[in-house]
Amino acid sequence: MQLRYNFRLHPSPGQRQALARAFGCARTVSNDGLRARQEAHAGGLPYIPDADLSKQVITQAKKTPERAWLGEVSAVVLQQALADLNTAYRNFFASITGQREGPKIAPPRFRSRKDNRQAIRFTKNARFTVTAGGKLRLPKIGDVPARWSRDLPAEPSSVTAIKDAAGRYFASFVVETGADPLPQTPHEVGIDLGLTHFAVLSDGRKIDNPRFLRRAERRLKKAQQALSRKDKGSNNRKKAAARVARAHARVADGRRDFAHKLSTQIIRDNQAVYVEDLCVKGLARTRLAKSVHDAGWSQFMAMLEYKAGRYGRGFAKVGRFFPSSKSCSACGAVAGTMPLNIRSWTCPCGAVHDRDVNAAINILAAGRAERLNACGGTVRPAA
């Protein structure tokens, strides 16, 4: 299993200039390669192979006066930028031919120096190392101070230096790790995700929705108003844009930290976890779009899935059309229409249900049934 470990970097002013130079060179190589393939396609020429494109936009370009400055950065950075372009083309071709599942992939686009995120990648060929003093040594950049919050479990295969919209620098390591199973536990849980409560568990627990974006709306509104009043192209506008980016970064960091802590707790306490396969993209097109995005359901479910695989836990998604809220967890009867304003209801069998807790119990039962069927259990009821 491949995992990513992110650590904060604190480069010096000279190292920031070197990183900016590397970002610009990688961006230029990617754009030159994309432009060459677009011109070949417009001229009716065949698709330029990866090796030929590398010779054209890296090897031969370094010998010209217009691109001689490409030699000031590590060659691995340029090669990885071109590798990302080649991967984007392969994904695009696989998408339009039907070989790739999921939504259609757009063709590669030109990269801009105004993009919110700039990144370069170093592989083992670049010989990046962590020094004895705890600094990250990057070729042609230097020893960059890093804040190590934990130890890497294994030797990383690559590291990506990232600059986000808030002006922060990070090092993202890719590490190959094995399974680390936790001790067995008899508990299993079904989770019903919502907006009033972020998660309702089948054991009756309700986790409040932190609403990070809603709580920060006033501060964001003031920062964005100040940005809109600044003249375009001025230094004051750049400072105001940085303040807006930092405010959004605080919201995203808080949401990610909450999802990490909650998913880790649920995975440690339960042997199997079942959730509903929500259509988040469809819900994000409704009047609840801001609240849906603020909840971060997709991020939370992705964390549950990969942590379950790492720690030897079970994880499954119940179909989105399963009537978890309308089904009685006691007798199995399915009620008629049930608007969202109905938070509790009584079944004809006499059972009184809390809407969300009942849905979580039904999700747990449906997940267990699917697991038994997948393992060869009885599908049809007994005669």
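Every heavy atom of this structure was used, including side-chain atoms; hydrogens, water molecules and symmetry mates were not.
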Crowded around [X] [atom1]? As in, over 12 foreign heavy atoms under 6.0 Å?
X: N341; atom1: CG; answer: yes
X: F110; atom1: CZ; answer: yes
X: K140; atom1: NZ; answer: yes
X: H10; atom1: NE2; answer: yes
X: K63; atom1: NZ; answer: no
X: R4; atom1: CZ; answer: yes
X: R343; atom1: CZ; answer: yes

So, does [X] use its side chain to make a donor-acceptor pair with the main chain of [Y] at under 3.5 Å?
X: N91; Y: A88; answer: no
X: R320; Y: D277; answer: yes
X: Q15; Y: D143; answer: yes
X: K55; Y: A51; answer: no
X: N270; Y: V273; answer: no
X: W148; Y: G134; answer: yes
X: K307; Y: H260; answer: yes
X: N31; Y: R111; answer: yes
X: R211; Y: D294; answer: no
X: K104; Y: S95; answer: yes

If you round to the nearest 0.5 Å, how far is [atom2] of [Y] from [atom1] of [X]?
X: H187; Y: Q271; atom1: NE2; atom2: CD; value: 10.5 Å
X: R243; Y: K239; atom1: CZ; atom2: NZ; value: 8.0 Å
X: S324; Y: I361; atom1: OG; atom2: CD1; value: 11.5 Å
X: D269; Y: R205; atom1: CG; atom2: CZ; value: 6.5 Å
X: L364; Y: E188; atom1: CG; atom2: CD; value: 6.5 Å
X: L288; Y: H293; atom1: CG; atom2: NE2; value: 11.0 Å

Ignoring hydrogens, what is the shortest heavy-atom contact between [X] and [Y]? Give both atom names and the distance.
X: A360; Y: V200; answer: CB-O, 3.4 Å
X: G254; Y: F212; answer: O-CZ, 3.3 Å
X: S325; Y: M338; answer: O-SD, 3.7 Å
X: R313; Y: P183; answer: NH1-O, 3.0 Å
X: A126; Y: P139; answer: O-CG, 3.6 Å
X: L193; Y: A199; answer: CD2-CB, 4.0 Å

Taking the six-membered ring of Y169 as reference, does the NZ or CZ atom of R8 fall below 6.0 Å from its centre and within a 45° cone about the axis?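 So R8 doesn't make the cation-pi contact.
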
Checking R268 against Y311: charged group under 6.0 Å from the ring centre and within 45 degrees of the axis?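 Judged by the rule (NZ or CZ under 6.0 Å from the ring centre, within 45° of its axis), R268 counts as positioned above Y311.
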
Using side-chain contact (heavy atoms from CB on, under 4.5 Å), reason through N125 and Q79 one step at a time and then give a plain yes or no. CA-CA 11 Å; N125 295 335; Q79 294 166 359; 5.7 Å; no

Fit a plane to each ring of F128 and F173, take the angle between them on a 0 to 90° scale, and name the class: parallel (under 30°), tilted (30 to 60°) or perpendicular (over 60°).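 Judged by the thresholds at 30° and 60°, the geometry between F128 and F173 is tilted.
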
Side-chain donor-acceptor contact under 3.5 Å, [X] with [Y]:
X: H353; Y: K326; value: no
X: S30; Y: R27; value: no
X: N6; Y: S172; value: yes
X: R121; Y: S158; value: no

Could you work out, with ring pair (Phe, Tyr, Trp, His ring centres under 6.0 Å) as the rule, every residue matching Y47, not counting sequence neighbours?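 Listed in chain order: Y89, F93.
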
Given R67, which partner from the list V57, D32, V29 fulfils the side chain to side chain contact (heavy atoms under 4.5 Å, CB included) test?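 Result for side chain to side chain contact (heavy atoms under 4.5 Å, CB included) with R67: D32.
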
Using the side-chain contact (heavy atoms from CB on, under 4.5 Å) rule, take I363 and I191 through it: C-alpha gap first, then chi angles, then the decisive distance, then the call. CA-CA 7 Å; I363 290 172; I191 304 176; over 6 Å; no

Step-by-step side-chain contact (heavy atoms from CB on, under 4.5 Å) determination, L213 to R255: CA-CA 9 Å; L213 180 61; R255 185 186 298 118; 4.1 Å; yes

Take R256 and D253 through the test salt bridge (charged side-chain N to carboxylate O under 4.0 Å, His left out) and record every step on the way to the result. CA-CA 5 Å; R256 189 185 308 110; D253 291 346; 3.0 Å; yes

Could you go through the side-chain contact (heavy atoms from CB on, under 4.5 Å) check for V275 and F300 one step at a time? CA-CA 11 Å; V275 297; F300 175 70; 5.6 Å; no

Test salt bridge (charged side-chain N to carboxylate O under 4.0 Å, His left out) on R37 and D50 and set out the steps. CA-CA 10 Å; R37 279 183 170 153; D50 298 349; 2.8 Å; yes

